[in-house]
Peer 1: 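Quick one: the structure is below, questions incoming.
Please read all numbers here as calculations on a predicted model, not as lab measurements. Read the numbers this way: they start at 1 and go in the same order the structure lists the ligands and their atoms.
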Amino acid sequence: MRVAKHWVVVGLDNGGTSNNATVLDSQGRFLVDRLVENASFVLDGPEAALNALVSAFQSVLALTGTDRRAVRAVGLDTPGPTSADGVISSKGSTNFSEPAWRGFDVRSRLEERLQLPVVYNNDGNAAAVYAHYQFFGRQAADQSSVSVIVGTGLGAGVIVAGQVVRGVAGMAGELGHVHIPMAGLLEDDQPLPECNCGFTGDAESVASLKGIEKNLLPYWLRRYPDHDLNDMASTAQAAKLVRSYAEQNDPMALSILNQQAVALGRLFTIIANFTDPTAYFLGGGVVETTARLQKWFLTTTRKNTELREEQRRLSTLTLVPDLDMAGARGSAIAALVSLQEPVVVSLIDDITDSTPTRYSQL
Ligand SMILES: [Zn+2]
């Protein structure tokens, strides 16, 4: 644990069950090197959740021995859909199901409670900010990147010249709902995959845990009627086990992950033609696995990314670092950037064991 010698910003990452908090000092150093969590109470509605955020803020200051007067700004992220400045969607969402959340301006309300400027990002964008600044360091303001996180859904963030692309309604960078070509990805008799958003054949309908549960696993289990996973009580439970079967070289599980890697490669191809970034970051369950399976997954993704020779030479595919802390850390960096301080992030410890792989090296 470090003690702040300078003024600081605080990062608060709000999730469905917990908040994660961090402190970043004006020199670009994180004062905590691990998850600092408390319960988020989002299901109890906005007032309970605001209290929990204030409590997370106070706890992380106490933990790091930081004087509240040293805090100049706070970064906040939550799951979407939200507006670019932190107003929860009028339709609510999975995380914000309590009716009082609809249209709730979480950023302004936290600002009132803390009496400090609060800078908002959705969770995909906050993780993308962290990956970007951690990777590029001093060059961050000049570089472009894209981050894709394969979890229950497919989260993402697009950064161009150091700036998060937010869009007019805050919906830019929602790469999970970008349509990708399905020809050659699906088997001849495989139904078109459906996404929770109502689209068919978008990236999330294949490359997410929901996509496995709803689309890929039901199809592949029919192809493998004797597979153990046919005996599970629910497809939701079975979907969570696919990765561990793939680690054991199970052919059905590998077919499922192969379709996900192809989908991600096709998504990266679209991005390559859209913002042509220097770095493609990939994170989430699909790459939190054995070194061997991770390498196979990244290589398969790469093989299905159609880059021009110049792009291949200049760009890198690597992992989102420290994913569990990326939201809080990215939020803190966004708060520091908002104060127009040049940010150089010096990592306390490098948790990831992956070395970046140039596209040209794969
Ligand atoms: Zn979708």
Side-chain angles (χ1 to χ4, degrees), residues 15-16 77-84 87-97 101-102 121-128 146-158 164-187 190-220 235-236 239-240 242-243 256-275 280-287 297 301 304-305 320 323 327:
D77 74 273
T78 74
T82 56
S83 74
V87 178
I88 306 294
S89 165
S90 58
K91 286 185 174 169
S93 74
T94 315
N95 280 282
F96 303 114
S97 51
W101 277 114
R102 293 179 194 157
N121 281 286
N122 68 37
D123 53 0
N125 287 346
V146 62
S147 295
V148 169
I149 296 150
V150 182
T152 309
L154 190 154
V158 175
V164 174
V165 179
R166 296 172 199 281
V168 67
M171 308 294 174
E174 293 293 331
L175 302 180
H177 310 300
V178 169
H179 286 92
I180 51 171
M182 287 289 148
L185 185 160
L186 298 178
E187 298 288 306
Q190 191 171 1
L192 264 179
E194 293 173 358
C195 181
N196 280 349
C197 74
F199 288 168
T200 51
D202 65 13
E204 182 172 302
S205 71
V206 176
S208 67
L209 185 61
K210 276 276 167 227
I212 294 182
E213 180 190 330
K214 199 170 166 176
N215 301 309
L216 307 186
L217 191 57
Y219 169 78
W220 284 99
T235 17
K240 289 183 184 156
V242 166
R243 185 184 53 192
I256 290 174
L257 291 197
N258 183 65
Q259 289 192 316
Q260 294 198 309
V262 172
L264 290 168
R266 291 180 176 194
L267 181 62
F268 285 166
T269 305
I270 293 170
I271 293 158
N273 287 296
F274 221 97
T275 62
Y280 300 76
F281 299 111
L282 185 58
V286 282
V287 286
F297 194 87
T301 301
N304 288 280
T305 310
V320 176
L323 186 63

Peer 1: So that I can check it, does any N, O or S atom in Asp202 come closer than 2.8 Å to the Zn ion (ligand 1)?
Peer 2: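 Asp202 does place an N, O or S atom closer than 2.8 Å to the Zn ion (ligand 1).
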Peer 1: Please say which of Leu282, Leu323, Asp123 ends up in a side-chain contact (heavy atoms from CB on, under 4.5 Å) with Ile149.
Peer 2: Leu323
Peer 1: To 10 degrees, how wide is the angle SG (Cys195) to the Zn ion (ligand 1) to SG (Cys197)?
Peer 2: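 Value, to the nearest 10 degrees: 110°.
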Peer 1: May I ask you to decide if the ring planes of His179 and Phe199 are parallel, tilted or perpendicular, using 30° and 60° as cut-offs?
Peer 2: tilted
Peer 1: Treating Glu204 as the side-chain partner and Gly211 as the backbone partner, does any N or O pair qualify as donor plus acceptor under 3.5 Å?
Peer 2: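 Looks like no, no N/O pair under 3.5 Å.
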Peer 1: Can you tell me the N, O or S atom of His177 that's nearest the Zn ion (ligand 1)?
Peer 2: ND1
Peer 1: Determine whether the side chains of Asn122 and Arg166 contain a donor N or O and an acceptor N or O closer than 3.5 Å.
Peer 2: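 Asn122 vs Arg166: no donor-acceptor pair found between side chains.
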